[in-house]
Student: 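Sharing a structure here in structure tokens format.
One-based numbering, in listed order, for ligands and for the atoms of each. Note that the coordinates shown come from a computational prediction; the quantities given were computed from them, not determined experimentally.
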Amino acid sequence: MSRRGIRAYVRLIRERDPAARSLVEVLLCYPGGHAVAVHRLSHWLWQRGLRLPARLLSNLARVLTGVEIHPGAVVGSNVFIDHGTGIVIGETAEVGDGCTLYQGVTLGGRTLNQGKRHPTLGSDVTVGAGAKILGPIEVGDEARIGSNAVVLQDVPRDTTWVGIPARQVLRREERGDGDFAFVPYGVTDAGSDPVAEALQDAKRRIDGLEAEIKELRCRLAPEDFGETRRPETEMPMTRSEQ
Ligand SMILES: CC(C)(COP(=O)(O)OP(=O)(O)OC[C@H]1O[C@@H](n2cnc3c(N)ncnc32)[C@H](O)[C@@H]1OP(=O)(O)O)[C@@H](O)C(=O)NCCC(=O)NCCS
């Protein structure tokens, strides 16, 4: 790697990881960077038909860094792998320029067929820790995959997907819920769970509907409810009742 390339790499890491302090630290302590560097060489060997040396090299990198990148995978420039341990990038996967992958990410297949069976990530995609993106699907540029999501379908560009199976969610900014900024360490609203919140919302609505139904039944047949008088919120009397 050229001196300019190294500088750009260090700048990139310092931009994306608030924990990065010095150039030496970045060069020595970021196994994701080492894994990508070794991958460049193993990919070069792979493309020239030197399959076994390529596999051996990528396996050595896996042992040393905890990041497994198959030599056949295509990895773009400025890809940042943070922490790294447990990352698996399959043979036919493609990772676009500027993507950020955290530990435990799998870009895997869902079938044992030969041919394209791993995902393609566009540019500047963020994939949170532990997320799995499975099958020959496409993830659009600047998409964000939440930590621990399992993505099984194409992801449009500039969208956020979370959960298992992953579904699209609106960003707080898109809903006008406050400031937006890339949050490298993930969920900012500690403890909030969109599924639990949706269930609570559904329960609130059901409770409301039950109360309305009870009130309507009470108006129609007050005797069933032990009522002798109409409730105060009763409907106006009809002419025949008057
Ligand atoms: C998905 C992510 C990139 C945030 O994207 P964003 O587009 O800024 O989305 P927001 O923060 O506005 O969140 C949108 C909604 O998704 C929810 N959400 C975010 N991440 C989630 C996740 N991983 N799982 C489940 N729900 C998640 C939020 O709670 C929010 O819902 P709410 O407003 O109803 O509470 C981020 O949450 C994330 O997971 N980043 C990965 C970070 C990571 O792995 N760090 C490891 C460092 S070691």
Student: Would you indicate whether Arg205, at its atom CZ, is surrounded by more than 12 heavy atoms from other residues, nucleotides or ligands within a distance under 6.0 Å?
Tutor: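 No.
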Student: Which atoms from ligand 1 have a heavy atom of Arg171 less than 4.0 Å away?
Tutor: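 This gives 6 (P), 7 (O), 8 (O), 12 (O) as the contact atoms.
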Student: Please could you name the atoms of ligand 1 that Glu197 approaches to less than 4.0 Å, counting only its heavy atoms?
Tutor: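 Result: 34 (O).
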Student: Does an N or O from Gln103, backbone or side chain, lie closer than 3.5 Å to an N or O of ligand 1?
Tutor: no
Student: Between Asp82 and Tyr30, do the side chains contain a donor N or O and an acceptor N or O under 3.5 Å apart?
Tutor: no
Student: Quick check on contacts: which atoms of ligand 1 are under 4.0 angstrom from a heavy atom of His83?
Tutor: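 The list of qualifying atoms is 48 (S).
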Student: Ignoring hydrogens, just give me the one of Thr126, Leu101, Val162, Ile145 whose non-hydrogen atom is nearest atom 24 (N) of ligand 1.
Tutor: Val162
Student: Taking 4.0 angstrom as the limit and counting only heavy atoms of Gly128, give me the atoms of ligand 1 inside it, by number and element.
Tutor: 41 (C), 44 (O)
Student: For Val169, is the nearest heavy atom under 4.0 Å from an atom of ligand 1?
Tutor: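 It does, in that a heavy atom of Val169 comes within the 4.0 Å cut-off of ligand 1.
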Student: Any idea which heavy atoms bring Ala35 and Val67 closest together, and the distance?
Tutor: CB-CB, 3.6 Å
Student: Under a 4.0 Å heavy-atom limit, does Arg144 contact ligand 1 with its side chain, its backbone, both, or neither?
Tutor: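 Side chain only.
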Student: Indicate the atoms forming the closest heavy-atom contact of Gly96 with Val79, along with that distance.
Tutor: O-CG2, 3.5 Å
Student: Side chain, backbone, both or neither: which applies to Leu170 and ligand 1 if a contact is any heavy-atom pair less than 4.0 Å apart?
Tutor: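 For Leu170, the contact with ligand 1 is made by the backbone alone.
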Student: Between Arg219 and Glu215, is there a side-chain N and carboxylate O pair less than 4.0 Å apart?
Tutor: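 A salt bridge is present here (some side-chain N lies under 4.0 Å from a carboxylate O).
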Student: Is Tyr102 in polar range of ligand 1, meaning some N or O pair under 3.5 Å apart?
Tutor: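 No, no N or O pair falls under 3.5 Å.
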Student: Tell me whether the guanidinium CZ or amine NZ of Arg144 lies under 6.0 angstrom from the six-membered ring centre of Trp161 and within 45° of its axis.
Tutor: no
Student: If you take all heavy atoms of Arg117 and Thr111, which pair is closest and at what distance?
Tutor: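 Residues Arg117 and Thr111, closest heavy atoms: CD-O, 3.9 Å.
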